[in-house]
Amino acid sequence: MSDGARHPSDTAPDTRDTAPDTRDTAPDTRDTAPDTRDTAPPSHTAAPPSHTAPSDHDLESWIADRRWYASKGSVPRLRTLSTADGTRLVLDEAPAAPAAPVLYQSPVTSGPDGTIADATADHAWITALAARIDADPQSLRPIGRVTGARVLTGEQSNTSVICDTESGARVIIKVFRVLHHGDNPDVTTQLALSAAGSARVPLVYGALRSSWPDVGQGSGTATGHLAFAQEFLPGLEDAWRVALEEAHAGTPFGDRAEQLGAALADVHRTLAEALPSEPADEARRDAAVATMHERLDTAAREAPAVAEHADAIRAVYARATATPWPDLQRIHGDLHLGQVLAAPEPRGWVFLDFEGEPLRPLAERSLPDVTLRDVAGMLRSFDYVAGALAHDADPVDAAAWADEARVRFLDGYQRGTGADLSAHRELLDAFELDKAVYEVVYETRNRPDWVGIPLAAVTRLVGRGAS
């Protein structure tokens with residue numbers, strides 16, 4: 001059995017500013033081995049990096065080789081905007097860069113011979129960063145003195161550092177590499193949950209905000225998050241791997257799926273209390289459904305099998321538009337089984353990565369949304385467990401397993417929220433169908449042999465709507 005073939009949400013290239021991956025397991029390649037180049041502090045007091053900082057020109061060749069450099073194949077043209085807060089922010093204005101210039105956080109050290117090194121692997125720099133996070137007024141609890149640190153390798157878009165602390169706690173600090181103006185929803189959502197006492201996310205220590213010059217802002221200054229510190233949870237498997245193993249073995253997952261639904265209800269209930277919510281007015285409903293139609297148009301062009309169902313799909317969307325919508329609130333935004341860890345009881349399921357749908361602009365990801373979007377994402381993920389096993393070298397028919405998991409997950413969620421999901425069935429169907437349409441496009445482009453998984457869901461959902 002292979003666990004490498006995940007849901008499209010967990011296989012697409014990671015272009016997001018993500019929260020720390022609190023897992024430290026193997027052989028899952030998303031959880032990489034620690035970089036032992038920096039596993040302990042120096043034997044005597046570490047001094048801050050000295051020597052002359054590299055010029056923007058010298059930094060260009062170094063940054064082009066970083067995994068997190070977004071404009072692969074182009075020649076960077078850098079301009080330093082800020083060296084405040086012990087770090088360095090450089091704007092890439094390369095002609096071959098994406099549509100807009102990209103702002104990178106690139107703290108470096110330079111030796112006497114001019115060699116450039118990443119400061120995130122420098123014990124003194126990480127110690128200073130932890131102190132700055134502790135000093136931020138929004139931080140919840142102190143990291144304290146860092147006694148050892150090691151960098152996780154293999155990440156695409158950010159850099160995570162596992163820190164041993166004087167208190168004995170292990171903390172993972174994520175250094176965001178590509179910066180944007182505005183709040184990072186992964187930080188603010190998990191801060192709100194942790195401040196409310198929720199154990200459904202890794203315990204949050206705090207975050208570091210900063211500001212930098214930005215002529216695109218009316219004030220001439222942008223602000224955003226530079227780093228985020230959370231509890232490190234080593235050795236935990238994610239729900240995708242747990243579900244795949246149990247489905248392969250034929251082990252019933254109903255109880256755990258029901259607990260997962262109740263855990264998601266707990267997250268949604270806490271967020272509704274901790275962060276603003278608002279009614280789903282006509283403008284917001286129309287905008288959400290318009291996005292569904294846009295995805296359908298793309299899918300119909302690329303996948304003839306979807307085009308055959310286009311009218312029936314639009315009918316589902318029309319019914320969703322006409323039905324009452326629940327209030328909008330902060331949600332996860334990109335939920336699937338790979339975004340949940342299986343912690344030992346009594347803690348249970350722990351949720352990760354609240355940055356939202358990666359294709360949406362950062363500012364939109366913090367907007368209140370429909371909780372059923374998260375529910376639909378998890379329903380699709382259960383379907384993909386069965387689909388992955390059907391495509392295994394030793395195929396397993398897990399369709400009944402997935403059906404039971406979906407039903408029990410909804411039971412747990414409904415019990416946890418106290419809401420009657422049948423009153424919003426048309427809306428839930430629309431969100432699940434929208435997700436399946438996206439999956440058809442992904443599979444058509446990347447794994448044509450797998451397109452039958454989401455197409456089966458499309459057929460099922462439009463058939464239920466017609467009955």
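Just so you know, these numbers come straight off a predicted model, no measurement behind them.
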For this session: Check step by step if side chain to side chain donor-acceptor pair (under 3.5 Å) holds for Ser167 and Thr165.
Result: CA-CA 5 Å; Ser167 69; Thr165 68; 3.0 Å; yes
For this session: Would you sort out whether Asp134 and Arg145 count as a salt bridge (Lys or Arg N to Asp or Glu O under 4.0 Å), showing the intermediate values?
Result: CA-CA 10 Å; Asp134 284 349; Arg145 190 171 72 86; over 6 Å; no
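For His181 against Thr221, the heavy-atom pair with the smallest separation is CE1-O, 4.5 Å. When all heavy atoms of Ala272 and Gln329 are compared, the pair lying nearest together is CB-OE1, 3.3 Å. Residues Ala199 and Arg347 approach most closely at O-NE, 3.0 Å, considering heavy atoms.
We find that Glu357 and Arg295 are joined by a salt bridge, their nearest charged nitrogen and carboxylate oxygen being less than 4.0 Å apart. Under a 4.0 Å N-O distance rule, the pair Arg88/Asp56 qualifies as a salt bridge.
Shown here is Glu345, whose CD atom has more than 12 heavy atoms of other residues, nucleotides or ligands within 6.0 Å.
Among residues at least two apart or in separate chains, ring pair (Phe, Tyr, Trp, His ring centres under 6.0 Å) pairs with a member in residues 284-307 are His293-Tyr317.
Using a 30° and 60° split on the angle between ring planes, Tyr438 and Tyr442 fall in the tilted class, from 30° to 60°.
In this structure, Phe431 has no ring-ring contact (aromatic ring centres under 6.0 Å, His included) partners at least two apart in sequence or on a different chain.
Side chain of Trp125 to backbone of Val108: no donor-acceptor contact under 3.5 angstrom is found.
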